[in-house]
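Questions regarding the structure given below will be posed in turn.
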2 protein chains.
Amino acid sequence: MQHAPPATVGMPLTEVDTPALLVELDAFEANLRLMQQATANLPVQVRTHAKTHKCPTIALAQIAHGAVGVCCQKVSEAEAMVDGGVEDVLISNEIVGTVKLQRVAALAHRSKLSICVDAPEQVTALAAAMRDAAGAHGASAPLDVLVEIDVGAKRCGVPPGNAAVHLAKLINDTPYLRFAGLQAYQGSAQHIRDLEERRAAIAAAAKLADLTRNQLAAAGIDCPKITGAGTGTFLFEAASKVYNELQPGSYIFMDGDYAANDWAEAGKAGPPRFQHSLFVWTTVMSRTAGVRAVVDAGLKALSIDSGMPTVVDDQGAPHPQALYTRVSDEHGVIELRGAPDYPLGHKLKLVPGHCDPTVNMHDHYIAIRNNRVEAIWPITARGCLR
Amino acid sequence: MQHAPPATVGMPLTEVDTPALLVELDAFEANLRLMQQATANLPVQVRTHAKTHKCPTIALAQIAHGAVGVCCQKVSEAEAMVDGGVEDVLISNEIVGTVKLQRVAALAHRSKLSICVDAPEQVTALAAAMRDAAGAHGASAPLDVLVEIDVGAKRCGVPPGNAAVHLAKLINDTPYLRFAGLQAYQGSAQHIRDLEERRAAIAAAAKLADLTRNQLAAAGIDCPKITGAGTGTFLFEAASKVYNELQPGSYIFMDGDYAANDWAEAGKAGPPRFQHSLFVWTTVMSRTAGVRAVVDAGLKALSIDSGMPTVVDDQGAPHPQALYTRVSDEHGVIELRGAPDYPLGHKLKLVPGHCDPTVNMHDHYIAIRNNRVEAIWPITARGCLR
């Protein structure tokens with residue numbers, strides 16, 4: 001079902017129905033500019049991750065601010081981006097299954113597409129899908145295929161070194177495919193709280209990627225791209241002289257989990273400070289005076305996998321005395337520890353603990369400037385699970 | 001965006017694309033029958049909770065098995081149920097905000113609707129919306145309004161006793177409204193693991209509801225309905241001689257959290273054993289031989305608020321050696337502790353930790369019998385947040 005958005009353009013924020021997903025445009029645009037500025041003079045390209053926002057409007061704004069294209073995790077997400085006008089997509093993930101690979105091959109005929117593998121069976125299946133698509137749609141350029149290496153996250157990826165060289169060689173020996181580089185994302189480093197520990201984790205990852213690149217070179221295989229990085233670490237990858245493409249996603253919104261990272265560097269101005277631009281707008285729908293306010297945003301309006309949401313005041317600062325401490329399917333309980341005794345119907349902003357899965361529960365962004373609705377952006381890849 | 005379902009009717013289960021939300025029909029129908037049998041000779045009506053399934057097809061199946069109607073938590077959820085053919089809906093929640101109340105009043109003109117309040121302001125606002133709707137749509141019967149009392153969950157509801165009597169009197173003194181009874185749901189009791197502790201929590205809740213009913217009677221106010229209960233406790237409410245309506249939801253699917261409750265009664269046959277009928281169908285899309293299998297169902301395909309999902313074998317029993325231990329946005333990591341070394345492309349069933357927020361991430365149920373797709377049911381109230 002397509003749901004009507006909870007607002008109309010021009011409406012005052014106070015009239016926006018709840019729960020709603022707000023994007024504060026001043027902060028959002030500052031984040032766009034800050035990423036562009038922070039990476040402008042570095043030897044890297046930026047390919048923002050669309051899994052965070054699932055919205056072509058935002059992807060195109062990122063591209064207008066210097067991104068070369070986007071990453072996606074799912075085939076259907078990539079289709080939604082191409083349908084929305086994005087021309088260059090990296091599926092930064094392994095795709096397994098005949099139906100999905102048919103869609104990958106079809107999409108490669110209408111966009112600049114690249115994809116990751118971490119097993120020989122995937123190479124064979126991808127080539128078969130590309131061969132069938134060539135039969136149906138005519139010839140296309142070879143598909144760019146990256147080998148994912150495990151640089152410490154212990155999730156997907158072959159071990160760095162020989163296994164990656166073996167797979168790259170197989171790709172280059174397979175019709176319809178072309179080895180395009182290494183996917184070397186260190187996901188488990190992104191939320192290491194301490195800045196120096198995060199830096200060290202990326203230094204270790206870069207060393208493994210560099211080793212693999214050198215072994216590829218020794219085998220006579222060119223490695224045009226080494227891609228990875230997220231909002232928590234991207235300046236370290238950028239400074240590594242190994243990575244030449246960055247995949248930040250959450251910077252555009254920020255969330256409670258990223259805000260809890262240590263961002264200061266002793267004696268330095270520090271890395272760029274992205275602002276919270278994403279909020280869940282919620283209404284007090286039950287109250288016990290002086291004790292608690294119950295709001296209408298629960299587990300179906302925000303994700304608590306990385307912690308409870310934070311109540312913020314009108315300036316966007318965390319409210320120290322209004323704590324969202326309990327969640328159920330359709331309710332959130334805010335304990336009032338000296339906070340204002342919100343009346344029934346009072347609307348509040350919450351910063352979600354984790355932006356990506358929160359976004360995936362909503363059908364529209366309500367874009368706000370100066371407390372007024374400036375735009376409504378459909379989240380067209382919401383629910384693109386496959 | 002409306003997504004294409006991951007299957008077609010008649011397709012073998014093995015071909016259903018992933019992630020997908022499966023309903024195993026034999027278990028589902030056994031749960032339907034078991035609830036009907038368990039409550040057939042008790043002095044209660046069953047009003048199943050549609051927040052669990054968000055699907056009119058399932059609501060109508062529950063009504064065909066004896067339910068008098070459904071509960072909903074949100075106005076838009078209630079609209080989806082009425083649109084799908086359900087004629088009797090209790091909004092078992094407080095609704096705050098002019099726009100939502102206008103929709104409540106409009107819905108009251110085309111269905112048998114009832115709703116909860118826990119504050120005088122809600123009564124006034126509800127009456128105003130009903131008055132405006134009478135002007136627009138003509139007169140209707142008075143709206144049935146229940147007073148929610150807090151019987152121990154410390155969430156919504158006025159205190160039992162005088163505060164509830166005061167509110168009931170206000171409802172009966174207000175045009176367009178009629179006091180219809182008490183909402184007395186003890187949500188925090190549902191997952192108390194120990195059966196006797198659960199029983200004691202409901203005994204305490206029933207005592208508070210009974211006290212309130214007696215005070216209402218002393219004030220000359222009839223209390224036709226006392227409603228509440230969930231899958232974890234419904235037989236206790238049914239035996240209380242206080243409750244006359246039950247609101248179970250999760251029984252139709254079960255989940256990891258409910259399965260972890262203690263269900264046995266010493267020396268007795270025990271309460272009805274509902275079966276897992278809901279599964280997330282997922283594919284192994286990366287693997288490290290003998291160590292782990294990475295599947296394509298993560299935080300956007302299942303909710304982990306009540307624990308990680310459980311890998312089950314073909315008979316639906318938890319697999320003791322394949323443990324889903326880590327989750328990220330689009331990935332789940334299954335540790336293999338002697339489990340079969342699943343090949344790439346192997347598909348697995350997961351039992352989600354919590355059914356309701358998991359369902360809310362999907363657009364279709366794929367209904368399965370004997371490993372074949374028998375039906376596809378749209379989840380029309382998916383994302384009905386408001």
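Values in this document were obtained by computation on a predicted structure and should not be read as measured data. Note that these values count all heavy atoms, side chains included, but never hydrogens, waters or copies made by symmetry. A note on names: the letters A, B, ... follow the listed sequences, proteins ahead of strands, and every chain is numbered from 1.
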(Q) Just so I understand: if I count every heavy-atom pair under 4.5 Å between each of B:Thr98, B:Val294, B:Leu299, B:Val333 and chain A, which residue has the most? (A)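 Option with the greatest count: B:Leu299.
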Q: Supply the atom-to-atom distance A:Glu94 CD to B:Asp296 CG, rounded to the nearest 0.5 angstrom.
A: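 Reported value, rounded in 0.5 Å steps: 11.5 Å.
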Q: Starting from the C-alpha separation in whole Å, work towards a yes-or-no answer on side chain to side chain contact (heavy atoms under 4.5 Å, CB included) for A:Arg287 and B:Val96.
A: CA-CA 12 Å; A:Arg287 59 193 286 275; B:Val96 172; over 6 Å; no
**Q.** Contact class of B:Ile304 relative to chain A, heavy atoms under 4.5 angstrom
**A.**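 The answer is the side chain of B:Ile304.
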Q) Which pair of heavy atoms, one from B:Ser286 and one from A:Gly157, lies closest together, and at what distance? A)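 That would be OG-N, 4.0 Å.
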Q) How far does CG of B:Asp363 sit from CG of A:Leu385, to the nearest 0.5 angstrom? A)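 The CG atom of A:Leu385 is 7.5 Å from CG of B:Asp363, to the nearest 0.5 Å.
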Q.
Just so I understand: if I count every heavy-atom pair under 4.5 Å between each of B:Val291, B:Thr288, B:Asn360 and chain A, which residue has the most?
A.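 Ranked by contacts with chain A, first place is B:Asn360.
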Q.
Heavy-atom pairs under 4.5 Å with chain B: which of A:His362, A:Lys347, A:His354 has the most?
A.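 Of the candidates given, the most pairs with chain B belong to A:His354.
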Q: Check whether any side-chain heavy atom of A:His331 sits under 4.5 Å from a side-chain heavy atom of B:Cys156, and report yes or no.
A: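 Result yes, sub-4.5 Å side-chain heavy-atom pair found.
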Q: Please list all pairs passing the salt bridge (charged side-chain N to carboxylate O under 4.0 Å, His left out) test where one or both residues lie in residues 150-161 of chain B, with sequence neighbours left out.
A: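 Residue pairs with at least one partner in residues 150-161 of chain B: A:Arg292-B:Asp150.
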Q.
Can you tell me which portion of B:Asp118 sits under 4.5 Å from chain A's heavy atoms? Options are side chain, backbone, both or neither.
A.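 Just its side chain gets close to chain A.
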**Q.** Interface residue of largest heavy-atom contact number with chain B, from A:Asp305, A:Val327, A:Thr283, under 4.5 Å
**A.**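 Going by pairs under 4.5 Å, I would pick A:Asp305.
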Q: May I have the step-by-step check of side chain to side chain contact (heavy atoms under 4.5 Å, CB included) for A:Asp329 and B:Gln73, ending in yes or no?
A: CA-CA 9 Å; A:Asp329 287 349; B:Gln73 294 292 72; over 6 Å; no
Q: Give the C-alpha distance, both sets of side-chain angles, the deciding distance and a yes or no for side chain to side chain contact (heavy atoms under 4.5 Å, CB included) between A:Met285 and B:Asn93.
A: CA-CA 9 Å; A:Met285 39 72 72; B:Asn93 198 8; 3.1 Å; yes
(Q) Working to the nearest 0.5 angstrom, can you tell me the gap between A:Lys300 NZ and B:Lys51 NZ? (A)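 Nearest 0.5 Å value for the NZ-NZ distance: 5.0 Å.
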Q: For chain A, find which of B:Val117, B:Val99, B:Asp356, B:Ile95 contributes the most heavy-atom pairs closer than 4.5 angstrom.
A: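 Top count of heavy-atom pairs under 4.5 Å with chain A: B:Asp356.
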Q. How close do B:Ala20 and A:Arg386 get, heavy atom to heavy atom, and via which atoms?
A.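 Looking at all heavy atoms of both residues, the closest pair is CA-NH1, 4.4 Å.
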Q.
Heavy-atom pairs under 4.5 Å with chain A: which of B:Pro6, B:Gly383, B:Pro343 has the most?
A.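 Looking at each option in turn, the highest pair count goes to B:Pro6.
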Q. At a heavy-atom separation under 4.5 Å, does B:Ala153 approach chain A through its side chain, its backbone, both, or neither?
A.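 For B:Ala153, backbone heavy atoms alone lie under 4.5 Å from chain A.
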**Q.** Among A:Lys100, A:Glu148, A:Met361, residue most engaged with chain B (heavy-atom pairs, under 4.5 Å)
**A.**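 Ranked by contacts with chain B, first place is A:Lys100.
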Q.
Given heavy-atom pairs under 4.5 angstrom as the criterion, report whether the side chain, backbone, both or neither of B:Glu121 touches chain A.
A.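 Only the side chain of B:Glu121 comes within 4.5 Å of chain A.
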Q. How far does CD of A:Glu330 sit from SG of B:Cys384, to the nearest 0.5 angstrom?
A.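 These two atoms lie 11.0 Å from each other.
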